[in-house]
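What follows is a set of notes on a single structure, which appears directly below.
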Number of protein chains: 2
Amino acid sequence: MTKMQKEYNLSKNQQIVFDIIEKSNEPVKAYSILFNVKKKGIKAPPQVYRALEKLIKLGKIHKVESKNAFVACKSSNCEISKATAFSICEICEKVTEIANNKLSNFLNSFEDKSGMKYKKYNLEFFGLCKKCKKS
Amino acid sequence: MTKMQKEYNLSKNQQIVFDIIEKSNEPVKAYSILFNVKKKGIKAPPQVYRALEKLIKLGKIHKVESKNAFVACKSSNCEISKATAFSICEICEKVTEIANNKLSNFLNSFEDKSGMKYKKYNLEFFGLCKKCKKS
DNA sequence: TAACAGTATGTAATAATATAACATTTGAAA
DNA sequence: TTTCAAATGTTATATTATTACATACTGTTA
């Protein structure tokens with residue numbers, strides 16, 4: 001398959017911020033990013049928040065609203081994503097993006113009597129992960 | 001039907017905060033509450049945040065995470081609620097709690113291969129409400 | 001009643017998260 | 001090479017939320 005969709009070129013700051021988030025195995029907070037990129041010349045909150053905003057628009061990362069933290073998108077190979085679902089363990093706080101067709105199909109086609117057309121959603125499930133259930 | 005479950009008695013501050021939220025037809029922010037209750041003797045953030053926390057535990061209000069704002073629970077007649085869904089208009093910002101059995105049944109029984117047991121969820125749909133679709 | 005436990009309150013200080021505003025620079029396209 | 005959108009740098013400030021500690025209220029039970 002040829003490269004139909006040209007990979008968007010991230011700017012310098014966007015790439016720096018994205019790298020931090022992608023390397024982490026847990027959601028990363030904005031000020032934790034800021035702290036970690038001081039050595040790379042990013043010194044002020046707006047620089048981080050602007051990169052985050054752009055990365056979200058591009059679908060490269062998502063915000064986990066209940067945690068005010070950011071994760072790299074793993075489910076959609078970086079297409080622009082409007083539909084996100086996460087599972088969050090209430091003990092160890094592990095956050096995992098849920099990739100489940102039954103779920104996304106259901107939610108993408110959900111309609112209710114309000115007459116509202118839903119284009120986008122964010123779902124956060126809370127519970128106990130396998131490990132924490134045992135202990 | 002007799003009153004099986006005794007109505008929980010809200011404390012003074014809890015009642016004051018709840019009244020503000022309940023009377024509002026839109027989500028209310030913590031500092032907006034704080035401003036509005038100064039005349040009633042509530043002077044400091046922790047007083048408001050403590051009341052909010054308790055009201056959430058009781059299921060009397062919910063937090064709309066994407067807005068950092070609070071709404072009164074309308075769907076469950078104040079049972080303790082672990083499952084919340086909202087629709088949010090991207091133009092007029094109107095927030096409505098969704099009460100839809102098909103949706104809640106689906107989500108309450110949702111399981112995926114992760115082995116995680118979900119006890120609780122929060123879902124936020126974004127789109128255009130009827131009014132804003134027309135304009 | 002006195003002792004207690006649990007819940008709620010009051011208060012000051014500060015931490016954590018996010019944006020406004022403005023000047024400047026960069027990069028790609030016409 | 002001008003032009004325009006996007007990105008950057010910087011200072012200041014706005015907004016959201018918590019810590020820490022002292023005190024008071026409420027109901028239970030020894």
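Given the structure is predicted, the values throughout are model-derived calculations rather than measurements. Letters go in sequence order (proteins before strands), and every chain restarts at 1.
- Applying the 4.0 Å criterion to OP1 and OP2 of D/dT8, one finds that A/Ser11 has a side-chain N or O inside that range.
- Using modelled atom types and a 3.5 Å distance limit, the side chains of B/Gln15 and B/Asn13 yield no donor-acceptor pair.
- Atom-to-atom, CD of B/Glu53 to C1' of D/dT16 comes out at 15 Å; the value is rounded to the nearest Å.
- Between B/Pro45 and A/Ala30, the residue whose closest nucleotide on DNA chain C is further toward the 5' end is B/Pro45.
- Residue B/Pro46 has its side chain nearest to D/dT18 when only D/dT18, C/dT9, C/dA20 are considered.
- For the pair B/Lys67 and D/dT16, the criterion of a side-chain N or O lying under 4.0 Å from OP1 or OP2 is not met.
- With DNA chain D read from its 5' end, the first of the two nearest nucleotides for B/Phe70 and B/Arg50 is the one closest to B/Phe70.
- Taking only side-chain atoms of B/Lys63, from C-beta outward, the nucleotide of C/dC22, D/dA7, D/dA17 with the closest atom is D/dA17.
- In this structure, a donor-acceptor pair under 3.5 Å is absent between the side chains of B/Glu65 and A/Ser66.
- Between A/Asn122 and B/Phe125, every side-chain heavy-atom pair lies at or beyond the 4.5 Å cut-off.
- Here the nucleotide nearest the side chain of B/Tyr49, chosen from C/dT9, D/dA17, C/dT17, is D/dA17.
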Practice problem: Could you walk me through whether B/Thr84 and B/Ile98 pass side-chain contact (heavy atoms from CB on, under 4.5 Å), step by step? | Solution: CA-CA 8 Å; B/Thr84 53; B/Ile98 298 175; over 6 Å; no
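- In this structure, the nucleotide among C/dT11, D/dT8, C/dT9 sitting nearest to the side chain of A/Asn13 is D/dT8.
- A/Leu34 has its CG atom 12 Å from the C1' atom of C/dA16, to the nearest Å.
- Nucleotide D/dC25 holds its C1' atom 18 Å from the CD atom of B/Gln15, rounded to whole Å.
- Atoms NZ (B/Lys29) and P (D/dA17) sit 8 Å apart, rounded to a whole Å.
- For A/Lys54 and D/dA7, the shortest distance from a side-chain N or O to OP1 or OP2 is below 4.0 Å.
- As a whole-Å value, the separation of A/Gln47 CD from C/dT24 P is 16 Å.
- Residue A/Ala44 is the one, among A/Ala44 and B/Ser32, whose nearest nucleotide of DNA chain D lies closer to the 5' end (criterion: closest heavy atom).
- One interatomic measurement links the two molecules: CG of A/Leu55 to P of D/dA6, which rounds to 16 Å at whole-angstrom precision.
- At a cut-off of 3.5 Å, with distance as the only test, a side-chain donor of B/Asp112 or B/Ser114 sits close to an acceptor on the other residue.
- Under 4.0 angstrom from either OP1 or OP2 of D/dG9 there lies no side-chain N or O belonging to A/Lys43.
- Spacing between atom CG of B/Leu52 and atom C1' of C/dA8 amounts to 15 Å, rounded to whole angstrom units.
- At a cut-off of 3.5 angstrom, counting only N and O atoms as typed in the model, there is no donor on one side facing an acceptor on the other between the side-chain of A/Tyr31 and the base of C/dA15.
- For A/Gln14, taking side-chain heavy atoms from C-beta onward, the closest of the listed nucleotides D/dA17, C/dA8, D/dA7 is D/dA7.
- The aromatic rings of B/Phe110 and B/Tyr118 sit parallel to each other, their planes meeting at less than 30°, with 60° as the upper class boundary.
- Candidate nucleotides D/dG9, C/dG10, C/dT17 were compared by shortest atom distance to the side chain of A/Asn68, and C/dT17 ranks first.
- The CD1 atom of A/Ile56 sits 14 Å away from the C1' atom of C/dT17 (whole-angstrom rounding).
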